[in-house]
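Single-structure report; data block below.
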Protein chains: 2
Amino acid sequence: MSKRDTKRDILQAAKAVFASKGYEASTLEDIAEKAGVRKALIFYYYPSKESLFLEAWNESIDELENTLFRELADESVYIRKLKKLFRGYIDFVMSRREVMKLIEIDRVRIMDGPQDGDEWGRFRLRYNRFLQKIEELIEEGKEKKALPSDISTKATAKLLAQMMGMGALEENITLERIIRIILSGMALEPERILL
Amino acid sequence: MSKRDTKRDILQAAKAVFASKGYEASTLEDIAEKAGVRKALIFYYYPSKESLFLEAWNESIDELENTLFRELADESVYIRKLKKLFRGYIDFVMSRREVMKLIEIDRVRIMDGPQDGDEWGRFRLRYNRFLQKIEELIEEGKEKKALPSDISTKATAKLLAQMMGMGALEENITLERIIRIILSGMALEPERILL
DNA sequence: CAAATAATTTACCAAACGGTCAAATAATTC
DNA sequence: GAATTATTTGACCGTTTGGTAAATTATTTG
């Protein structure tokens, strides 16, 4: 009979509630109920609602990032890298849509502000590091002549991240069709990457 | 000395606050203060916070939609239609970014649910009508052989709406570059449409 | 097994919030 | 100008919320 990990139960419950209602409309009572504890216990493990949300946010982006990029390091052929990236993403969305929801449901509000200086600064930093990862991948493609040299790295990264955020609401078949359009726009052949 | 339109003042203040903080974190006290009235007065003009938000939401989508589609009716050459659409959009974002913010900051939470049945049903209906408009435009392009016949209307509409939503946060130069990528992906020549 | 420590719950708090209603003020009507 | 109507405000309400502290229970340690 395995021992309960209460802190993790609370965090998982929090992720589910934040993903469903967004941060502002989520109550600690809801989270506690879902975790099967009383609300005050949340404060034994987490100093505040916000810090709970920060951990949920960071873990979610970590999870997405690890899934997308972890296995690309083994790959040296750029097209194969992209293949793994998009395949990995499609699979990820199917089983972990909640992650995309947690990020997207609050992303615009969080990202609408300066790099730091307010309560959302750390949240923005984390998301920006994710964007940076995508930019690096695009830069790599340009260096390897697999992508047009005149394509804007930043704009492409932003578009890809935005497309990925659509995983919060869209069906996989729609996502695949959208990815096809974007890949074409990046001067790639969708058929070689998606199937 | 023109007469004050208090109801409109309240609605405009509400739009600004909702666009900045999102619905859930916006308080009627904040809105009243911004409008220069006392909170109770909001209830003289609007039955509830939610109905105030619904009006702000609908007016914002109306404004976006009118700006995008109003002048396309005069145009019969499809490429010129698109030119007007994207030009109009870029100009709109420059002067009315608050509209995009108001929609995007709450869109994922609102759209994450069935067509009707809950408090957000009417909000979804309105946004879906906007999506429908984009779909019709794409269908028109396919009929006129200006777009590939095998392109998915739904996926393309969703991608375009998502791209437009990026106007909430992105600079115009980034938006233009993103539009280029998408237009290429739609088998169009960006230079003929953007400049 | 008792003491110490960790985990959990109960009970409570102040502040905040959407909303209500009567009173006050302003504008309009005759 | 008085009466009526419209608009605005002040005062208040009940509920909810993030959070706190003490009490209780469970687990660990020696």
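These values consider heavy atoms only, across backbone and side chains, with no hydrogens, waters or symmetry-generated copies. Numbered from 1 within each chain, the chains take letters A, B, ... in sequence-line order.
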Please determine, for the side chain of [X], which listed nucleotide ([options]) has the closest atom?
| X | options | result |
| --- | --- | --- |
| A:Lys39 | C:dT10, C:dG18, D:dG18 | D:dG18 |
| A:Leu41 | D:dT8, C:dT8, D:dT17 | C:dT8 |
| A:Lys49 | D:dG19, C:dG19, D:dA21 | D:dG19 |
| A:Thr27 | C:dG18, D:dT17, C:dC21 | D:dT17 |
| B:Leu28 | D:dG19, C:dG19, D:dA21 | C:dG19 |

Establish, from distance only, whether the side-chain atoms of A:Asp9 and A:Thr6 form a donor-acceptor pair under 3.5 Å. no
Surrounding NZ of B:Lys142 (heavy atoms of other residues, nucleotides or ligands, distance under 6.0 Å), is the total greater than 12? yes
Could you state the atom-to-atom distance from [atom1] of [X] to [atom2] of [N] in whole Å?
| X | N | atom1 | atom2 | result |
| --- | --- | --- | --- | --- |
| A:Lys21 | D:dT17 | NZ | C1' | 13 Å |
| B:Leu52 | C:dG19 | CG | C1' | 14 Å |
| A:Glu29 | C:dA11 | CD | P | 14 Å |
| B:Glu33 | D:dT9 | CD | P | 13 Å |
| A:Lys7 | C:dA6 | NZ | P | 15 Å |
| A:Arg38 | D:dA21 | CZ | C1' | 16 Å |
| B:Ile42 | C:dG18 | CD1 | C1' | 10 Å |

Lys NZ or Arg CZ of A:Arg109 over A:Trp120 ring: under 6.0 Å, within 45°: yes
Please state whether the phosphate of [N], meaning OP1 or OP2, lies under 4.0 angstrom from any side-chain nitrogen or oxygen of [X].
| X | N | answer |
| --- | --- | --- |
| B:Tyr44 | D:dT7 | yes |
| A:Tyr45 | C:dT8 | yes |
| A:Thr6 | C:dT8 | yes |

Give me the ring orientation class for A:Phe69 and A:Phe130: parallel if the planes are under 30° apart, tilted from 30 to 60°, perpendicular past 60°. perpendicular
Specify whether B:Phe18 and B:Phe53 have parallel, tilted or perpendicular ring planes, treating 30° as the upper limit for parallel and 60° as the lower limit for perpendicular. perpendicular
Nearest nucleotide by nearest heavy atom, which residue falls closer to the 5' end of DNA chain D, A:Ala25 or A:Phe43? A:Ala25
Base-pairing assignment for D:dG30 (Watson-Crick or G-U wobble, both under 3.5 Å): C:dC1
